[in-house]
Amino acid sequence: MNAPEKLKDTLNLPKTDFPMRANAVVREPARMKHWEESGIYAKMQKKNLDGPSFVLHDGPPFTNGDVHVGTALNKILKDSILRYKNARGFLTPYLPGWDCHGLPIEHKVTKKLRASKKEFDSVQLRQECEEFSKSYIETQRAQFKRLGVLADWEKEYRTMDPGYEAEILRTFADFVEQGLVYRSKKPVYWSIPCQTALAEAEIEYYDHISPSIYVRFKVQGEEGNAYLVIWTTTPWTLPANLAVAVHPRESYCEVKTGDVSYWIAQPRVDEFCKECGFSDYSIGETCNGSDLAGKVTRHPFIDRDSPVVSAEYVTMDTGTGCVHIAPGHGLDDYLTGLEHGLEIYCPLDDGGKYLDDGQIPQELVGLSVLEKADGSKANHAVLEILNTTGSLIAQKEYHHQYPHCWRSKSPVIFRAMDQWFVSLDKEDLRARCMDGLKDVSFTPEWGRNRIHGFLESRPDWCISRQRSWGVPIPVFFDEDGNALLDFGLIKFLSEKISVEGCNLWFSQTPEELLDGYELPDAWKGKKLIKGQDTLDVWIDSGCSHKAVLRRNEETSWPADLYLEGSDQHRGWFQSSLWTSIVSSQAAPYRRILTHGFVVNGEGKKISKSDGKPQTADSYVTKYGADVLRLWVCSEDFRRDIPLSDEILDQAVRAYRTLRNTLRFQLGAIHDFSQKEHGVEVEEMSPVDLWALSKTNELIREVTDACEKYEFHRAIQSINRFCSGILSSTYHDVIKDRLYTLDVNDPLRRSTQSALLMVFECLIKLIGPFTPYIADEAWAFGQSGGEYCEDALSLQNWPQEKVLGSGEIAVSDIQNLLDFKDSHVNEALESLRVKKEIGQSLDAEVELHIFGDSKLGEILKRRSLVELAELFIVSSVVVKNLPSEGTNYVTAQHAPGTRCPRSWRWVPELVYVEPWGEVSPRCAEVLAKFG
RNA sequence: GGGCUCAUAGCUCAGUUGGUUAGAGCACCGUGUUGAUAACGCGGGGGUCGGUGGUUCAAGUCCACCUGGGCCCA
């Protein structure tokens, strides 16, 4: 070391290469790469091989785009939990997954293929979908890594892996084996020109003009001419009418005109009479909707009854309050049909033409319901019939938005089709599921209530989809449409698929697929046709507990934790539960933790119109991963999680504070080696013990918060610690001894010993939340450079230091600091306002203390030098008050002369060659410089 | 429209079984320092706890209704 030239150079000022600015955008990726190359994930697992395991099972994100900020939030929380648990000694295997199948991908790929004008079949479509999914797996994996997520990327799972697909089919086979799967009709959107089923995402809404008609249904079994009047804009569905629905708690009244009376919901009467042109009418009886339910009406032109049922969704906004129900042609109608045991009746063929089923009037048979330029033939014909039978009360044109097919642009219809269902009540399945939840913990606790509600009310699970990009339902049909649904056959096929993947189903003939399997006698020799449907993708991800937890030796079943957004109460948590109860008779998770959704600064859902980016990457490339993680962990994620520039700026500032705190500490211990200079806790000075005590408190708070998954409380504690305990108190107080005392002064080494403990502890506590800066600071602390052998992630969670008899000193210091806050600073501030002093070292304070007070007792144990240091003033004078009185403080400018080295005012300076005049204490230190 | 849920200073959060003038950190304003300096200290202003009504000696904390937001359905 060069000989000091200036007095300032004789001070031990902080020194560190730890940069003040993070430059996270460049340096974080380098650190991630270092982690990866040094195999940090594997080392973390190895460290805890003998520990208990903590299995967090990853819910697979969908692979159709960049990582969304909400998905990033989810992964960050998972990573933080796992880093914490690992530090606590748990073995924490983490196998991330990808949800690959599904309509959104098929939709995008189909659009692309259609734009290229190439012909394609389902095999080619699936090929493209696979490529699409794979490319986003690459993208998302890189983005997750960038967030700092540590995982066993070598063993990630994909729902499109052959082994996984086979597991899906085995699960389906379990459902079949237990007799839970049945075939029934359900309405779907149907495009007549394309002769295909459509999903909601394939629907576009356009303005459309429909006939608006009022039709009367005669009430049966009563005297007189009483009718219920329905209103509809799809006359062609009337032949499939099987009921009329009313709202049970609305009032209905009898509108009398001529010798007939019409039952109409009371709020709709005026509108109805106007539409029908009734000028001369009177109101008769009134009753509740529930009183009408149970009555029976007559279909206006088909020989059958149409019962009156009640339904909650009947509105008073339009129509008559009496709703035409065709269970085969609408979702509400369908559910009402299920509820009342109605047939899911749909007398249309694939081309949208009425079938001749013995019920449809002959004049309608063969007519198409498809709307063309001149309207729908079916509508015209039905209106004709209604007119001739006198059932039509009024008719006009109705302008509204109507769903159209995204390809043919023609209006779609709702049409019931054969689908596969899982019965949820057979074998007590539903009850067993709800029972299985009893062993599951929920955070927040209301999650239990929510999932329970879904389980209770959901109708049977429709598991078939008319799609290509998914796992096929391996069922064969004979030429009469009979289905061969055989669990033995499904298991047989799953073995083939476990090797070759599902493409086999699409590329091979039935004969090839069945090669090696003996068909049941009744099916031998028949010509078989492959089923076209695929399984609901919720089965895909819902099997992950089997496909992943049971098939990997690192993991165990059930998982300790599932952690997803609260939308998954309805989704993955539920589908996983059904499959798990069927296959394993218990829930696949011990705890369900849910987070809310990311919303904007106003608390509204984030949308493109906000003009804010929604991909995680757009934030990471601007702020770095630690800042984004700090944002995530600062929020109470159980409710909505707001994100705005202001909030991110806040995270930036918190990050800077953290960074500066660590940087100051690194600088302060730059010449300290625990081995060479370490001071034992018992030997430490009181203020150092106080700092350790406060650190113990921080450990308790952060640990408690982490155990409850309340990271925001941990972050708040850490922020408070950095500013209140360190920056404004401890760090401020110890500057004098660190800077001005001899390097080896016991007091200085005591403080450095404590500081190192506080430093390492703080780093370990922030490690789960902001791993980049934590690892960086740790490395600088260990080696003085960017990286070190024994990385932070391999350290255990900090433990509280035992202070023993030091607790008394701690209590004294705490009391004195409280007194400083409440009295001393006030006195100093008033001097400062009067411009009598600048920094507090310019002052002398007088403590006027009531002798028998608590503070009086404390002062007996403490020296004036100690007090001056604690108050950061040049001198302290204690004046005892008479026996009665209140403690108070006065302050004045310190007497004497200012030492140019320590800046403290002393009675007299001493001359030291070659430095000049300094305080006696500094003179002693300088003497050693020779 | 239904189920679940949330609502405390500009922002992020505390607030124990209802009990004295509702707290913290950040931001803001003023100010000091210039030996943590694109940093740090000190001081200050700021909330009637979404609204209304009720229970109670006493409510941010219990009850009812309303308003606004979120998720999931319809």
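Remember, it's a predicted structure, so these values are computed and weren't measured experimentally. Values reported hereafter were calculated over all heavy atoms of this structure, with side chains retained and with hydrogens, waters and symmetry mates removed.
R458(A) and Q574(A) share a donor-acceptor pair across their side chains, judged by distance under 3.5 Å alone. For the residue pair R591(A)/T443(A), the side-chain donor-acceptor check at 3.5 Å is satisfied.
When ring centroids are compared, Y189(A) and F414(A) come within the 6.0 Å threshold.
Contact annotation for G667(A): no contact, since no heavy-atom pair falls under 4.0 Å across all strands. Among the heavy atoms of the strands lying under 4.0 Å from L11(A) is at least one base atom, whether or not backbone atoms are also near. As judged by a 4.0 angstrom heavy-atom cut-off over every strand, T315(A) is placed among residues making no nucleic acid contact. Residue D332(A) is classed as a sugar-phosphate contact, given heavy-atom separations below 4.0 Å to backbone atoms only. Residue K8(A) is classed as a base contact, given a heavy-atom separation below 4.0 Å to a base. Using a 4.0 Å heavy-atom criterion, one finds that N660(A) contacts the bases of the nucleic acid, with or without backbone contacts as well. At the heavy-atom level, Q839(A) lies under 4.0 Å from the strands shown only through sugar-phosphate atoms. Heavy atoms of G453(A) sit nowhere under 4.0 angstrom from any nucleic acid atom. Residue contacts for P444(A): at a heavy-atom cut-off of 4.0 Å it reaches no nucleic acid atom on any strand shown. Residue D640(A) is classed as a base contact, given a heavy-atom separation below 4.0 Å to a base. Contact annotation for P19(A): no contact, since no heavy-atom pair falls under 4.0 Å across all strands. Using a 4.0 Å heavy-atom criterion, one finds that R901(A) contacts the bases of the nucleic acid, with or without backbone contacts as well.
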R713(A) and D704(A): CA distance, side-chain angles, deciding distance, salt bridge (charged side-chain N to carboxylate O under 4.0 Å, His left out) verdict: CA-CA 9 Å; R713(A) 281 181 44 229; D704(A) 179 66; 3.0 Å; yes

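Each of E602(A) and K835(A) lies near RNA chain B, and the nucleotide nearest K835(A) is the one positioned closer to the 5' end. Map D821(A) and S840(A) each onto its nearest nucleotide of RNA chain B; the residue landing nearer the 5' end is S840(A).
The two residues A754(A) and Y730(A) come nearest to each other via the heavy atoms CB-OH, 3.5 Å. Closest heavy-atom contact between G784(A) and D17(A): O-OD2, 4.5 Å.
Side-chain atoms of R656(A) and base atoms of rA39(B) include no donor and acceptor less than 3.5 Å apart. The base of rA36(B) lies outside donor-acceptor range of the side chain of T661(A), with no N or O pair under 3.5 Å.
rA22(B) and rA27(B) have their P atoms separated by 25 Å, with the value rounded to a whole Å. rU17(B) and rG45(B) have their P atoms separated by 32 Å, given to the nearest Å. Atom name C1', nucleotides rA64(B) and rU55(B): the rounded distance is 11 Å, in whole Å. The gap from the P atom of rA9(B) to that of rA14(B) amounts to 13 Å, rounded to the nearest Å. Between rG51(B) and rG68(B), the two C1' atoms lie 10 Å apart (nearest whole Å). Atom name P, nucleotides rU61(B) and rG44(B): the rounded distance is 30 Å, in whole Å. Nucleotides rU20(B) and rG32(B) have their P atoms positioned 40 Å apart, rounded to a whole Å. Across rU34(B) and rG15(B), the matching P atoms stand 42 Å from one another, rounded to whole Å.
In the set rA14(B), rU37(B), rC72(B), the nucleotide with an atom closest to the side chain of R663(A) is rU37(B). Listed candidates were rC71(B), rC42(B), rG25(B). Nearest to the side chain of N825(A) is rC42(B). The R450(A) side chain lies nearest to rG3(B) when the options are rU12(B), rG3(B), rG35(B). Looking at the side chain of R832(A), the nearest of the listed nucleotides rC42(B), rC71(B), rA74(B) is rC42(B). Proximity note for S634(A) (side chain, C-beta onward) versus rA74(B), rU12(B), rC72(B): the nearest is rU12(B). You'll find that the side chain of I647(A) is closest to rU12(B), out of rC42(B), rC13(B), rU12(B). Of all nucleotides listed (rG69(B), rC4(B), rC42(B)), rC4(B) comes nearest to the side chain of N449(A). Side chain of R898(A), nearest nucleotide from rG30(B), rU34(B), rA36(B): rU34(B). Distances from the side chain of Q650(A) to the nucleotides rC71(B), rA38(B), rC11(B) place rC11(B) closest. The side chain of M20(A) approaches rA38(B) more closely than any other nucleotide in the set rC4(B), rA14(B), rA38(B).
Cation-pi geometry between R570(A) and F454(A) is met: the NZ or CZ atom falls under 6.0 Å from the ring centre, inside 45° of the normal.
One atom, CZ of F780(A), and another, P of rA36(B), lie 20 Å apart when rounded to the nearest Å.
Of the residues listed (N825(A), L847(A), L828(A)), the one engaging V889(A) in a side-chain contact (heavy atoms from CB on, under 4.5 Å) is L847(A), and it is the only one. When each of T740(A), D671(A), D742(A) is tested with R748(A) by the rule side chain to side chain donor-acceptor pair (under 3.5 Å), just one qualifies, namely D671(A).
Here W903(A) counts as stacked on rG35(B): its ring centre is under 5.5 angstrom from the base ring centre and the planes meet at under 30°.
For RNA chain B, the neighbouring residues in residues 706-717 of chain A, judged by any heavy atom under 4.0 Å, are H712(A), Q716(A).
Scanning for salt bridge (Lys or Arg N to Asp or Glu O under 4.0 Å) contacts around E776(A) gives R27(A), R659(A), with sequence neighbours left out.
The line from CZ of R638(A) to NE2 of H712(A) is 5.0 Å long, rounded to the nearest 0.5 Å. Note that CD1 of I872(A) is 4.0 Å distant from CG of D732(A), once rounded to the nearest 0.5 Å.
In RNA chain B, stems built from 3 or more consecutive Watson-Crick or G-U wobble pairs, each with both distances under 3.5 Å, span B:1-7 with B:67-73, B:10-13 with B:23-26, B:28-32 with B:40-44, B:50-54 with B:62-66.
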